[in-house]
Amino acid sequence: KAGVTQTPRYLIKTRGQQVTLSCSPISGHRSVSWYQQTPGQGLQFLFEYFSETQRNKGNFPGRFSGRQFSNSRSEMNVSTLELGDSALYLCASSLGSGQGAPPLHFGNGTRLTVT
Amino acid sequence: LAKTTQPISMDSYEGQEVNITCSHNNIATNDYITWYQQFPSQGPRFIIQGYKTKVTNEVASLFIPADRKSSTLSLPRVSLSDTAVYYCLVDSGYSTLTFGKGTMLLVSP
């Protein structure tokens, strides 16, 4: 079974630009969540989508947005990039429902560098 | 959200058993305890999850006492490739995990 795929793997952008990151979840997983990882703040939750609806949102500015398509694939967009947005962006998929706490399956992330 | 506390770092040698303890005093009735492993420049990888008592899989064991205010991840006979950051999380099942700083495990020859 293929794992979570994130594209691109690396990205370099300039301040003020916008960027779109893509995530393909594991087949059958309906929940996709996004995390930002930086050396200073660690792993922080951005938002989660389930069946094309944003179900949860973390404490990030409105410049960070996302969406999920009918095939569960998800995209994350960051507008008006700032230097502080440089980070590893991780996508995770899970069954998203059912008994207990279905574990998350993470991709290897997109490394975004803002110059 | 329940906060977790775990050691910042641990050192071990190949072949030894490593136990990493995590405290989660404010865990709620419906919360599970989940552990993830992360290597540099990779996403976290699910290791094990439990609700109470003991859970064992092919890579680790998880011990949870009756009061569930702490848990211990046990890695039997570690190897160099087990050098990584280990995160203990309290998971309510909503995919909105709160990661702490984790424990940096360094395994030496």
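Chain A is the first sequence line, chain B the second, and so forth, proteins listed ahead of strands; every chain is numbered from 1. Quick caveat: nothing in here was measured; it's all calculated off a predicted structure.
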Chain B: which of A/Gln41, A/Gln37, A/Gln44 shares the most heavy-atom pairs with it under 4.5 Å?
A/Gln37
What closest approach, in Å, do B/Leu97 and A/Tyr35 show between heavy atoms, and which atom pair accounts for it?
N-OH, 2.8 Å
Taking atom CZ as the centre, does A/Arg15 end up with more than 12 heavy-atom neighbours from other residues, nucleotides or ligands that are less than 6.0 angstrom away?
no
Any link between A/Leu95 and A/Trp34 through a network of hydrophobic side chains (Ile, Leu, Val, Met, Phe, Trp, Tyr) touching at under 4.5 Å?
no
Do A/Phe50 and A/Leu46 sit in one hydrophobic cluster, given that two such residues count as connected whenever their side-chain heavy atoms are within less than 4.5 Å of each other, even indirectly?
no
Cluster link A/Ile26 to A/Tyr49, ILVMFWY, side chain under 4.5 Å:
no
Between A/Leu83 and A/Phe64, is there a shared hydrophobic cluster once you connect ILVMFWY residues whose side-chain heavy atoms come closer than 4.5 Å?
yes
One should read off an interatomic distance between B/Asp91 CG and A/Leu104 CG, to the nearest 0.5 angstrom, of 6.5 Å
Residue by residue, scan residues 33-45 of chain B and write down, ordered by number, those that have a heavy-atom distance under 4.5 Å to chain A; if none do, write 'none'.
B/Tyr36, B/Gln38, B/Ser41, B/Gln42, B/Gly43, B/Pro44
Can you tell me if CG on A/Asn71 sees more than 12 non-hydrogen neighbours from other groups inside 6.0 Å?
yes
Under a 4.5 Å heavy-atom cut-off, does chain B meet the side chain of A/Leu43, its backbone, both or neither?
both
Would one find more than 12 heavy atoms of other residues, nucleotides or ligands at under 6.0 Å from atom CG of B/Leu80?
yes
More than 12 heavy atoms from other groups under 6.0 Å of NZ on A/Lys57:
yes
